[in-house]
Q: 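Sharing a structure here in structure tokens format.
Source: prediction; values computed, not measured.
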Number of protein chains: 2
Amino acid sequence: MTECKQQHNPEECTKMIVPVRDALEILNGKWKLPIILSLTFGAKRFKQISKDINGITDRMLSKELKDLEVNQLVKRTVHDTFPPTVEYAITEHGKSLEKMITELRNWGLEHRKQIMGNN
Amino acid sequence: MTECKQQHNPEECTKMIVPVRDALEILNGKWKLPIILSLTFGAKRFKQISKDINGITDRMLSKELKDLEVNQLVKRTVHDTFPPTVEYAITEHGKSLEKMITELRNWGLEHRKQIMGNN
DNA sequence: CGGTATCCCCATTGATACTG
DNA sequence: CAGTATCAATGGGGATACCG
């Protein structure tokens with residue numbers, strides 16, 4: 001933070017924000033977190049994930065899984081059975097999310113305390 | 001994480017997600033991060049923040065500052081001068097964001113490396 | 001089973017103008 | 001200076017139907 005002197009160079013600061021944005025975008029939207037959580041308990045098939053997450057439509061599940069796959073957080077594997085089955089699993093890179101999510105969660109819990117306390 | 005057995009009790013998991021959501025929501029939107037960043041360099045007046053942040057409208061700045069104030073991350077102070085001046089400053093609680101933002105930033109930087117590497 | 005294609009709604013944001 | 005009011009646009013997400 002200290003190396004970013006916004007008062008003199010706002011452009012520098014914009015650059016500092018970009019990776020933060022990247023991280024936030026990964027978890028953005030209504031369904032990313034539930035999907036990641038569902039998969040932390042092991043690889044699952046499309047329908048299984050769908051059943052785990054209350055209210056998600058096939059459309060959104062498909063879209064979000066694709067997004068996570070593009071970001072190499074989830075691996076999609078097609079098994080050569082009949083009928084074909086597809087399995088989704090968290091990648092090693094995806095597991096690195098856990099620490100960040102824990103940090104967010106801890107801050108969120110502290111924030112609740114703060115808000116509840118002062119009113 | 002380990003205490004949340006989604007396969008048996010999806011409701012438990014929803015609860016685990018809530019504080020994470022709270023944290024994400026705080027930084028959500030296009031302008032929260034730039035505003036917070038602008039104020040980390042000291043208290044500023046409305047127009048000063050507005051000038052720091054390229055493209056923000058008065059409407060959005062006003063709205064986002066209110067939001068941050070409600071969440072006790074920013075303190076609004078009206079000085080009894082003429083014409084009245086208003087100063088915004090990060091609160092102690094607001095300063096606790098810095099650690100979380102750093103974590104997000106670090107993950108984001110690692111993520112870039114990962115994505116750039118494997119393709 | 002594992003998805004797509006279409007259509008629609010509404011919440012967030014932007015643009016612009018105005019005010020105590 | 002420090003905002004508010006009003007209206008328009010954009011896009012994320014929902015509902016439903018269909019497909020290989």
Q: Quick test of your reading: applying salt bridge (charged side-chain N to carboxylate O under 4.0 Å, His left out), list the pairs with at least one residue in residues 75-90 of chain B, sequence neighbours left out, ordered by first then second residue.
A: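 Every pair satisfying salt bridge (charged side-chain N to carboxylate O under 4.0 Å, His left out) with a residue in residues 75-90 of chain B: there are none.
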
Q: When every nucleotide of nucleotides 1-11 of chain D is labelled 5' to 3' by its protein contacts under 4.0 Å (heavy atoms), B for base, S for sugar-phosphate only, - for none, what sequence of letters results?
A: SBBSBB-----

Q: Starting at CD of A:Glu64 and ending at P of C:dG2, how long is that distance when rounded to a whole Å?
A: 18 Å

Q: Could you tell me the separation between the CE atom of A:Met60 and the C1' atom of C:dA5, rounded to a whole number of Å?
A: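 After rounding, the gap between these two atoms is 15 Å.
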
Q: Is it true that A:Val70 and A:Met60 fall in one hydrophobic cluster, defined by side-chain heavy atoms closer than 4.5 Å?
A: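 No, separate clusters.
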
Q: A:Ile56 CD1 to C:dG2 P: how many Å, rounded?
A: 15 Å

Q: Rounded to whole Å, please give me the gap between NE2 in A:His79 and P in C:dG3.
A: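 Atom NE2 in A:His79 sits about 12 Å away from atom P in C:dG3.
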
Q: Write down the distance between CZ (B:Phe82) and P (C:dG20), rounded to a whole number of angstrom.
A: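 To the nearest whole Å, that distance equals 14 Å.
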
Q: Same cluster or not: B:Ile101 versus B:Leu109, using hydrophobic residues (I, L, V, M, F, W, Y) connected whenever any side-chain heavy atoms lie under 4.5 Å apart?
A: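 Different clusters.
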
Q: Applying a 4.0 Å non-hydrogen cut-off, can you work out what A:Gly29 is touching in the nucleic acid: base, sugar-phosphate, or nothing?
A: sugar-phosphate

Q: Do A:Glu103 and B:Lys99 sit within salt-bridge range, that is, some charged N less than 4.0 Å from a carboxylate O?
A: yes

Q: Any chance you could lay out the salt bridge (charged side-chain N to carboxylate O under 4.0 Å, His left out) test for B:Lys95 and B:Glu92, step after step, and finish with the verdict?
A: CA-CA 5 Å; B:Lys95 284 175 190 164; B:Glu92 279 309 308; 3.1 Å; yes

Q: Got a salt bridge between B:Lys113 and B:Glu110, using NZ or NE/NH1/NH2 to carboxylate O under 4.0 Å?
A: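 Yes, B:Lys113 and B:Glu110 are salt-bridged.
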
Q: Report the distance from atom CG of B:Leu61 to atom P of C:dA15, rounded to the nearest whole Å.
A: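 So the two atoms are 15 Å apart, to the nearest Å.
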
